[in-house]
Amino acid sequence: MTEKSRPDWDRYFLDLCEAVARRATCDRGRAGCVIVKDKRIMTTGYVGAPAGLPHCNEVGHDIRKVIDYNGNISQHCVRTLHAEQNAIIQAARFGIPLEGATLYCKMTPCRTCAMMIINAGIKRVVSEKRYHADADTRELFKQAGIELVVMNDEVEEYDQQ
C-alpha cells in the first residue's frame, strides 16, 4: 500500500468547494465557495435562488443576454445568486467577520462578486480556473491589494456561456 500525499491547504479548500457545489440548484457553472480564516471554515455558499424562491432545477433558468461596454454579448441566469455572494451573505446574516479571510471558488469571481469581496475585507482569493469575463476582477483586485491565485489558467466553460 502506498501512502497518498496530503493536499496543501489551498487544494484542500478547493476540493471542499466541489462538495459544496453539489448543493447548487443552477447547473450553469455549478459552483461552490468556501471562506476561510486561519485555516478554519467561516462560511460556505453555492449557486442558488434566494431562500424561499423557486430554483432553476424546479422551474428552469431565467436567462438574460447582457451586453458589456465593449459590445460583447453574454448570457446569464438571473434567478440565482453566485456562490461567493451566498457565502458573504451567510457571514453577514450570522455575524461572522471576514476581514483578512481567504475565499476559495471554482472560477475567478465576476465583477460584482469582486466588489463584494473587496468590501467584505477578504484579502486573498483562490480559484480553480478563470471566468471568461475576469479582466475587471483582476484589475479591481490589483487596485485593492487582494492576492488572486488561479490554480489552472484555463477558462471554465459551461452551457449558454
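Along the sequence shown, the residues carry numbers beginning at 1. Since we're looking at a predicted model, the values are computed, not measured.
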Within a 6.0 Å radius of atom CG on Asn72, are there more than 12 heavy atoms belonging to other residues, nucleotides or ligands?
yes
When you measure from the side chain of Asp134 to the backbone N and O of Thr137, does any donor-acceptor pair fall under 3.5 Å?
no
Just by distance, do the side chain of Asn152 and the backbone of Glu154 share a donor-acceptor pair under 3.5 Å?
yes
Sub-4.5 Å side-chain heavy-atom contact between [X] and [Y]:
X	Y	result
Tyr46	Cys33	no
Gln75	Lys65	yes
Val150	Met107	no

First locate atom [atom1] of [X], then atom [atom2] of [Y], and finally report the distance between them rounded to the nearest 0.5 Å.
X	Y	atom1	atom2	answer
Ile96	Ile88	CD1	CD1	12.5 Å
Tyr131	Cys113	OH	SG	9.0 Å
Arg11	Ser5	CZ	OG	11.5 Å
Leu98	Lys37	CG	NZ	8.0 Å

Contacts of type side-chain hydrogen bond (donor to acceptor under 3.5 Å, both in side chains), residue Asp136, not counting sequence neighbours
Tyr69, Arg111
Report the residues that fulfil side-chain hydrogen bond (donor to acceptor under 3.5 Å, both in side chains) with Glu99, sequence neighbours left out, ordered by chain and then residue number.
none
What pair of heavy atoms forms the shortest contact from [X] to [Y], and how long is it?
X	Y	result
Ala31	Ala21	C-CB, 3.4 Å
Lys129	Ser127	O-OG, 3.1 Å
Pro97	Met42	O-SD, 4.4 Å

Against Thr25, only a single residue in Glu58, Arg30, His55 fulfils side-chain hydrogen bond (donor to acceptor under 3.5 Å, both in side chains); can you say which?
His55
On the 0 to 90° scale, with breaks at 30° and 60°, tag the Phe13-Trp9 ring pair as parallel, tilted or perpendicular.
parallel
Salt-bridge test for Glu128 and Lys106: reply yes if a basic N is under 4.0 Å from a carboxylate O, no otherwise.
no
Mind jotting down which residue pairs meet the side chain to side chain donor-acceptor pair (under 3.5 Å) criterion with at least one end in residues 78-97? Sequence neighbours excluded, please.
Thr43-Gln90
Hydrophobic clustering (ILVMFWY, side-chain heavy atoms < 4.5 Å, transitive) - are [Y] and [X] grouped together?
X	Y	answer
Met151	Val34	yes
Tyr104	Ile41	yes
Tyr12	Leu103	no

Applying the side chain to side chain contact (heavy atoms under 4.5 Å, CB included) criterion to Val78, which one of Asp62, Ile63, Val66 satisfies it?
Asp62
Excluding sequence neighbours, so at least two apart, what forms salt bridge (charged side-chain N to carboxylate O under 4.0 Å, His left out) with Glu18?
none
Taking only residues two or more places apart in sequence, or in another chain, which ones meet Glu139 in a salt bridge (charged side-chain N to carboxylate O under 4.0 Å, His left out)?
none
Residues 115-126 side chain polar contacts: donor-acceptor under 3.5 Å, at least two apart:
| unit_1 | atom_1 | unit_2 | atom_2 | d |
| --- | --- | --- | --- | --- |
| Arg124 | NE | Glu147 | OE1 | 3.3 |
| Arg124 | NH1 | Asp10 | OD1 | 3.0 |
| Arg124 | NH2 | Asp10 | OD2 | 2.8 |

